[in-house]
Amino acid sequence: MNAVVELVGSSKTFGAGRAATVALQGIDLSIGVGEFVSLIGPSGCGKSTLLRLIGDLIPATSGEVRVNGKPAAQARRGREYGIVFQAPVLMDWRTVDRNVELPLEISGVPRAERRARAAAMLKLVELADFGGRYPWQLSGGMQQRVAIARALATDPALLLMDEPFGALDEMTRERLNLELMRIWRSTGTTVVFVTHSIPEAVFLSGRVVVMSARPGRVTRVVDIDLPQPRTAETRNQERYFELVTTVRAALRAGGADAAAAEAEGLGTEPADAERIVAEGLA
Amino acid sequence: MPGLAVGADEGGHSRAVRMALVAAVLVAVVLIWEGAKWLGGDPWRLHNTLFGIRIDYEHTPPFHWPIASDIALPHIWVILAAFVLPYQRFGDPAWLVLLEAALYTFREALVGFVLGALLGLGLGIVFVRSRLLERAFMPYVVASQAVPLITIAPIIVIFFGNAWTSVALISAYLTFFPVTVSALRGLRAADPRAFEYFRSTAASERQMLTKLRLPAAVPYLFVAFRISAAAAVVGAIIGELPNGLQQGVGGLILQSSQYYVTGPERLWATVIAAALLGLACVGAVALAERLLTRGRYRTVSA
């Protein structure tokens, strides 16, 4: 058993009774050690909700969510993952290095070790000279790199990223994508990455999980067979464009399915769901 | 723009312009004050020799307004002179008496402020932890401030006897309310995503309080501390009245109002001293705020 993340028939319903909204239905997904997996889909498809189920930030309504072979709640209490949100969510009153130290402080790591660890993490995200600054003195991209350093400070087996570069401009985003690839290679951490950008998902991932909305579900998993390491050159490859087209088509098909299902008052096709299970567990 | 101390002026006025505005208001008050006396005050004369020139000037105002009389509204220069003249016959100059009284009242207010701030912060923390307790107790906290202090003060004096302690408690009574309200707001003010982040790190309730809620509440607390600093002085002065404490500003206000007819300028000088004391306390809080939060916090409007 070397799945870092494992979801079996996981569903999430918000509210109850008439007002109930099914955010996620019957999600089956397995992510192995060291994988980089993106979740992509239209807004409202529950990709962020799915990430929050994995992180036990919200409980699943039904089904099973396991991280490192343990129930998600236990993994969270064991501080087995790091998380990066769309906004940096840094503490304004702490300097950059004290922000990176925060999760270590919470888990009771001695001061000297914290300092050393924070310094190493800031070096990893190439912000070694900015430890003494306050977050507001940094650009948005730099703040997000601090958030990545903070998430990696505890050396977690799993890194959850919720549209971490969604608020940044295209050029910064591409640069940070390259940097994230470099960090991922050097740490070997398993990454679950939520995005709504097709090129970003293709460039970064080993697998792209395509989702659709109402109810949120996985419609297809696209294997990204681009060679490692991914560099700026990767974006010029023929195969890269083909895969972008494939993912786009999968997204469109998912959207069409959902529209058709809605029109006919039907749910997800069982055949489709079975195929996803097969693919997800492959 | 983040990183500015709370309450720092962002209107683009320089320090010099702000000082000039404050000075302009002061000049306007003096002009209106003396203008009213010129038009409707008591007649006066200047009868003196200055640089060898004989001045003999007499002014009789055209109207007669009781409110502008020398008893109700002494001349500005008479009030200023009262600071230099003895407060009591053959006693120390008034400024020294007032300074000593202000320091005495300041000590009471300081203890009251600290007690009130701790109580307010404590209540805020308890209420943030428990909605149930907040719902149960908040109406009483609000009601406590609806009761006129002047009726509560004697009751506290009867309860606690010791004059000094009861004055500090009366001061704390006025202090705790703004702190409770602001603490409650500030402790909930952190970014909801920051709470999510702390949950992801499996932080304990206590860590969430000390590392997230309290630091995020600091700008809100300082807004309350500034209000409370003035309130603590008012509380201490009012507290001195039913106690018969003679050493503080409240005692002097009582004394100078009893002998008002023989020297109205003394009451005015005492009132000015009380205002300056309040101003100094608020200034001290603002200074502490600036030193503690400079460059770290976004601006919070009161």
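Below, read A as the first sequence line, B as the second, and so on, with proteins coming before strands; counting in each chain starts at 1. Just so it is clear, the model here is predicted, and its values are computed rather than measured.
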field: Closest contact, heavy atoms only, Leu102(A) versus Tyr197(B)
entry: CD2-CE2, 4.0 Å
- prompt: More than 12 heavy atoms of other residues, nucleotides or ligands under 6.0 Å from CZ of Phe106(B): is that the case?
  reply: no
Residues of residues 49-62 of chain A near chain B, each having a heavy atom less than 4.5 Å away: Arg52(A), Asp56(A), Leu57(A)
Contact winner vs chain A - Ala203(B), Pro215(B), Ala216(B), heavy-atom pairs under 4.5 Å: Pro215(B)
field: Contact listing (chain A partner; residues 175-184 of chain B; heavy atom under 4.5 Å)
entry: none
statement: Interatomic distance, CG@Asp191(B) vs CG@Asp92(A), rounded to 0.5 Å, equals 9.0 Å
message: Has Arg193(B) got a side-chain atom pairing as donor or acceptor with Phe85(A)'s backbone, closer than 3.5 angstrom?
response: no
query: Which atom names give the shortest non-hydrogen contact between Pro103(A) and Thr201(B), and what distance separates them?
result: CB-CG2, 4.3 Å
- prompt: Which pair of non-hydrogen atoms, one from Ser200(B) and one from Ile83(A), has the smallest distance, and what is that distance?
  reply: OG-CG2, 3.3 Å
- prompt: Considering only heavy atoms, which portion of Gln207(B) lies under 4.5 Å from any heavy atom of chain A: side chain, backbone, both, or neither?
  reply: side chain
message: With a sphere of 6.0 Å drawn around CZ of Phe195(B), does it hold more than 12 non-hydrogen atoms of other residues, nucleotides or ligands?
response: yes
statement: Most contact-rich option vs chain B, by heavy-atom pairs under 4.5 angstrom, among Arg77(A), Arg94(A), Glu105(A), is Glu105(A)
query: Quick one: are Lys211(B) and Met91(A) in side-chain contact, heavy atoms under 4.5 Å?
result: no
